[in-house]
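For this chain, numbers begin at 1 and follow the sequence in order. Keep in mind that this is a model prediction, so the values were computed, not measured.
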Amino acid sequence: YTQHAVAGTRTLRPLFAGDMHIGSLTPQDHVVLLVFTYVAALVGAVMLYRMGRALMREGDLQREKFYAQLTKVACSDDGEDEEKPLTGLEVEVRSHRGMFDYDAAGYILKYNNRKSVSTKAAMVWRHTVFCVPAIALRIIVGMFLALGAFFIDLVLFWLDVKVELDVADVDNATAFFNTFIGIMLGFYMSTVLTRWWDVRMNTMGRMWGAVDDLCLSMSAHLPGYSLRPLRKLVLRYALASFELMFMQAQGEGGSVDQLVGRSLLTQEEALVLRPQPSRPQIIWTWVSGLFYVLHRQGHIDSNMLPFFYARVIDARGGIGATFAYLDSQLPFIYVHLLSVLVHAANAIVAIDAGISAAHWVMDPTDIAQETPKPWVRLFQLIMQTFFYNAFLEIGRIFSDPLGTDFEDFPRHAWHCFMRNECE
């Protein structure tokens, strides 16, 4: 039923009377179009959610299978051949439509700068914000909230309950929230990206550079085949520290035995590390003690010993700075307020879409006048919910770059790059 004014009195008439034309469409045509639009949008959001969940499960299984295979390959190595690279496998680079490259462990390595800003980027949805299940789920929740507001408004109209609520008032509330969200979200993204780059260059990059400097200096000051096991021992400790850093960041603190299976630690070394609280940094005390012994034996003179110590300190400092960033998050009160504002604004837009649709159904003759078109409100609901939550999800991923998301730092690839550089 729709509301229809006859001689100044409000009456109800069947929706499908068919005698009231708006342009080339009848009122029932508009309602069918509205229902179809909502159903199509809801089905699309559900499909994106299922796709995102499937990609997450696929990524978890891929990483689990990869590291199981990595341990198996390392255990099958002879161990007596000094020419074999540490930890076995190399980096297997795969490409997705030429847009980006990723490794067998499920981490992105590099994307194509030219294609990433071309129209082809719109055709790539895999491993983008379009397939983040949390975003699709929030869009679905917003659409159900809009439907709830729609049916509540229709029931109130049917019961002839007067509610002094204009769509313009809801629009003003939306604009009020969007003003604060735009400022806070921009500052949030700027801070998160700055911290992400600092972790890459000033903490992990500092540790990586110290390892390269150590291996370069040892090849010059500790040359010869007889000292090769010593040089390889330092590199093995460095790679073990690198892996332990990722394991600690990902909450794999009790799985030191994985590194034993990958020939990065011996059983005795793992036994020593297992009860310790900061394992990636403790290993560098072993390296510094090794350099002290070499100095006492006359392999390193007094002028070079401080240099080696400085590189060890840089490596340990880089690890400590990495966890300083990861453990010192942005203030919770700020992130919480931003999240509440985003979800509140999205809820208001959803209610706005539902009320607009109900007002239009009650009086479709008003569609060409002041009442907003319901599918325009639906589009605004989907777009605002998508973009606001997309930025929140990007900030979440960038806040923990040593995690297990596809966009996080490629743990195995960097391990192999560091190993190959030093060997």
Side-chain angles (χ1 to χ4, degrees), residues 74 79-80 82 84-87 202-249 252-324 327 402 411 414-415 418-423:
E80 298 296 332
E82 294 294 338
K84 283 188 175 182
L86 292 168
T87 69
N202 300 329
T203 63
M204 294 197 65
R206 178 182 175 186
M207 183 261 191
W208 192 333
V211 174
D212 285 350
D213 292 343
L214 278 177
C215 293
L216 173 65
S217 302
M218 284 191 299
S219 64
H221 292 271
L222 300 171
Y225 187 82
S226 61
L227 293 178
R228 176 176 170 80
L230 182 63
R231 298 194 298 270
K232 195 168 184 178
L233 175 63
V234 174
L235 177 57
R236 179 168 67 84
Y237 282 162
L239 295 175
S241 176
F242 180 83
E243 288 291 327
L244 286 170
M245 181 169 55
F246 274 88
M247 292 166 63
Q248 181 175 331
E252 302 177 12
S255 52
V256 184
D257 294 334
Q258 293 181 9
L259 302 186
V260 177
R262 295 172 56 185
S263 303
L264 289 176
L265 291 175
T266 64
Q267 290 286 356
E268 293 77 11
E269 292 165 348
L271 185 62
V272 173
L273 285 176
R274 192 170 291 116
Q276 302 302 325
S278 186
R279 298 162 185 168
Q281 299 184 59
I282 289 177
I283 288 184
W284 290 101
T285 63
W286 301 352
V287 178
S288 62
L290 180 62
F291 287 134
Y292 176 75
V293 173
L294 291 174
H295 170 67
R296 292 290 300 269
Q297 294 177 353
H299 294 288
I300 298 178
D301 57 38
S302 299
N303 294 326
M304 286 301 301
L305 183 62
F307 172 83
F308 285 109
Y309 279 166
R311 301 290 81 75
V312 171
I313 292 173
D314 281 342
R316 190 226 59 82
I319 297 172
T322 299
F323 286 107
D327 296 337
L402 274 69
R411 170 180 169 181
W414 286 5
H415 175 112
M418 182 189 303
R419 178 201 65 196
N420 294 341
E421 288 176 2
C422 296
E423 287 191 332

With rounding to the nearest 0.5 Å, note down the distance linking [atom1] in [X] to [atom2] in [Y].
| X | Y | atom1 | atom2 | result |
| --- | --- | --- | --- | --- |
| Arg231 | Tyr225 | CZ | OH | 10.0 Å |
| Leu233 | Leu227 | CG | CG | 12.0 Å |
| Thr285 | Leu290 | OG1 | CG | 11.0 Å |

Using side-chain heavy atoms (C-beta onward) and a distance below 4.5 Å, is [X] in contact with [Y]?
| X | Y | answer |
| --- | --- | --- |
| Met247 | Phe242 | no |
| Val260 | Thr266 | no |
| Arg316 | Pro280 | no |
| Leu230 | His299 | no |
| Leu235 | Glu423 | yes |
| Ile319 | Trp284 | yes |
| Leu402 | Arg411 | no |
| Leu244 | Leu273 | yes |

Taking all non-hydrogen atoms of both residues into account, name the closest pair between [X] and [Y] and its distance.
| X | Y | value |
| --- | --- | --- |
| Ser241 | Met207 | OG-CE, 4.0 Å |
| Asp314 | Ala210 | CB-CB, 3.9 Å |
| Ala240 | Leu264 | CB-O, 3.8 Å |
| Glu421 | Trp208 | OE1-NE1, 3.0 Å |

Side-chain polar contacts of residues 211-223 - donor-acceptor pairs under 3.5 angstrom, sequence neighbours left out - could you list them?
residue, atom, partner, partner atom, Å
Ser217, OG, Asp213, O, 2.9
Ser219, OG, Cys215, O, 3.4
Ser219, OG, Leu216, O, 2.6

> Under the 6.0 Å and 45° cation-pi test, does Arg311 pair with Tyr309?
Replying inline: no
> Asp301 side chain to Met304 main-chain N or O, any donor-acceptor pair under 3.5 Å?
Replying inline: yes
>> Is it the case that the side chain of His295 and the backbone of Ile300 share a donor-acceptor pair, with hydrogens and angles ignored and the cut-off at 3.5 Å?
In response: yes
>> For a side-chain contact (heavy atoms from CB on, under 4.5 Å) check, start with the C-alpha distance between Leu294 and Leu305, then their side-chain angles and the critical distance, and finish with the verdict.
In response: CA-CA 9 Å; Leu294 291 174; Leu305 183 62; over 6 Å; no
> Going through the checks in order, is the side-chain contact (heavy atoms from CB on, under 4.5 Å) test met by Met245 and Phe323?
Replying inline: CA-CA 9 Å; Met245 181 169 55; Phe323 286 107; 3.8 Å; yes
> In chain order, what residues pass the ring-ring contact (aromatic ring centres under 6.0 Å, His included) check against Tyr237, with sequence neighbours excluded?
Replying inline: Trp286
>> Here's a test for you: under side-chain hydrogen bond (donor to acceptor under 3.5 Å, both in side chains), which of Gln258, Gln248, Arg262 qualifies with Glu243?
In response: Arg262
> Is a salt bridge present between Glu269 and Arg236, judged by a nitrogen-to-oxygen distance below 4.0 Å?
Replying inline: yes
